[in-house]
Amino acid sequence: MMLIVVVVVSSALLIGAAWGIWGNMSERLEGFLIAVAGGALVLSLVSELVEPAIAQSSLHVATGGVAAGAVVFALVDYLIDEKWGPDSGGGLLAAITLDGIPENLALGVALIGTGPAGVAALAGSIFLSNLPEAAGGAKEMASSDSGSRDARSKWRIMAIWGATAAILSLAAIAGNLLLAGVGEGWLAFIRCFAAGAVVASLSTEVFPTAFRKDHHLAGIATALGLVLAFILGQIGGG
């Protein structure tokens, strides 16, 4: 069942990339969907990552994990902007991978000792996040590629997103298999490290992008995403 959850979550990258490359998506729709994804992650990272971590360990461990995750994300994000270039294919791929690895690692950790229904909110929120991120990212890569009108170029971009989906799937599987015997204190720290990285990503990339592309409805879309995450949590028994 773990593999089913991982495949469903990672498939959002492939679906989103295909939509961004070959489909039609307005800038406002892209911003709306990104805001929905951000709102879903806000609730999920608190209810599925931070709160369980505090219950398992202590407030100090949770605080340290969140701070460490945010600092690491900020440092790597700085390197992406200053060294690789935020608009380059490599920089974009690195940014999305950096965002996705802690999310999927946390998904794998959350699956330890429970069934897929127990992490429905987190898995659903990551799916909602990956879909518009992949669509927008692939669209930007295709538009900035001088040969984007060539079919081979589009398939090359699709292959990059396929490799990213594979990497993130491995992160979730590794989180589930390699951390199964780790103590609750370390698991709590890892959960909060992932939460801190996602928070930093939301504040520096997700919400600014959503507001820039659809500033009139970004707030409503964020609230909608939060409600969807709450519903998923209720379905999953959270």
Side-chain angles (χ1 to χ4, degrees), residues 3-41 77 80-81 84-101 103-104 107 123-173 198 201-202 204-218 220-222 224-225 228-229 232:
L3 293 178
I4 295 177
V5 175
V6 170
V7 169
V8 169
V9 169
S10 298
S11 67
L13 290 174
L14 299 178
I15 297 172
W19 184 14
I21 296 172
W22 288 288
N24 294 320
M25 178 174 55
S26 66
E27 189 172 84
R28 292 191 64 184
L29 177 59
E30 180 185 346
F32 186 90
L33 292 176
I34 291 175
V36 169
L41 282 174
D77 192 54
I80 292 172
D81 288 338
W84 297 316
D87 297 325
S88 67
L92 179 61
L93 180 62
I96 294 171
T97 303
L98 177 66
D99 182 23
I101 283 179
E103 291 177 354
N104 284 266
L107 175 63
S125 297
I126 294 176
F127 184 94
L128 290 175
S129 174
N130 285 346
L131 185 64
E133 285 182 358
K139 180 182 178 181
E140 291 181 8
M141 292 177 72
S143 62
S144 64
D145 192 335
S146 59
S148 60
R149 294 183 179 180
D150 186 85
R152 289 177 298 179
S153 179
K154 292 182 178 180
W155 280 109
R156 180 184 63 81
I157 295 172
M158 192 67 190
I160 292 176
W161 284 94
T164 302
I167 291 173
L168 299 186
S169 296
L170 289 176
I173 295 172
V198 174
S201 172
L202 289 173
T204 59
E205 296 180 3
V206 175
F207 289 133
T209 300
F211 182 78
R212 185 176 68 252
K213 294 180 179 293
D214 187 11
H215 58 277
H216 291 299
L217 296 179
I220 296 175
T222 302
L224 176 61
L228 289 175
L232 287 171

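Any value given below was found using the heavy atoms of this structure, including those in side chains, with hydrogens, waters and symmetry copies removed. Residue numbers start at 1 and run along the sequence shown.
Residues Ser10 and Leu168 share a closest heavy-atom pair of OG-C, 4.5 Å. The nearest pair of heavy atoms linking Pro132 to Ala37 is CG-CB, 3.9 Å.
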*Stepwise side chain to side chain contact (heavy atoms under 4.5 Å, CB included) test for Met158 and Ile21*: CA-CA 8 Å; Met158 192 67 190; Ile21 296 172; 4.2 Å; yes
*Candidate pair Val7 and Ser169, rule side chain to side chain contact (heavy atoms under 4.5 Å, CB included), full reasoning*: CA-CA 7 Å; Val7 169; Ser169 296; over 6 Å; no
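One finds the NE2 atom of His216 at 8.5 Å from the CZ atom of Phe211 (value rounded to the nearest 0.5 Å). Between the NE2 atom of His215 and the CZ atom of Arg28 there is a distance of 8.0 Å, given to the nearest 0.5 Å. Separating the OG1 atom in Thr209 from the CD atom in Glu27 is a distance of 10.0 Å, to the nearest 0.5 Å. Taken to the nearest 0.5 Å, the CH2 atom of Trp161 stands 6.5 Å off from the CG atom of Leu13.
The closest side-chain heavy-atom distance from Val36 to Thr222 is not below 4.5 Å. Taking 4.5 Å as the limit, every side-chain heavy atom of Lys213 sits out of range of all side-chain heavy atoms of Leu29. Counting heavy atoms from C-beta on, the side chains of Leu33 and Leu131 never come closer than 4.5 Å. Looking only at side-chain heavy atoms (C-beta outward), Leu224 and Phe32 come within less than 4.5 Å of each other.
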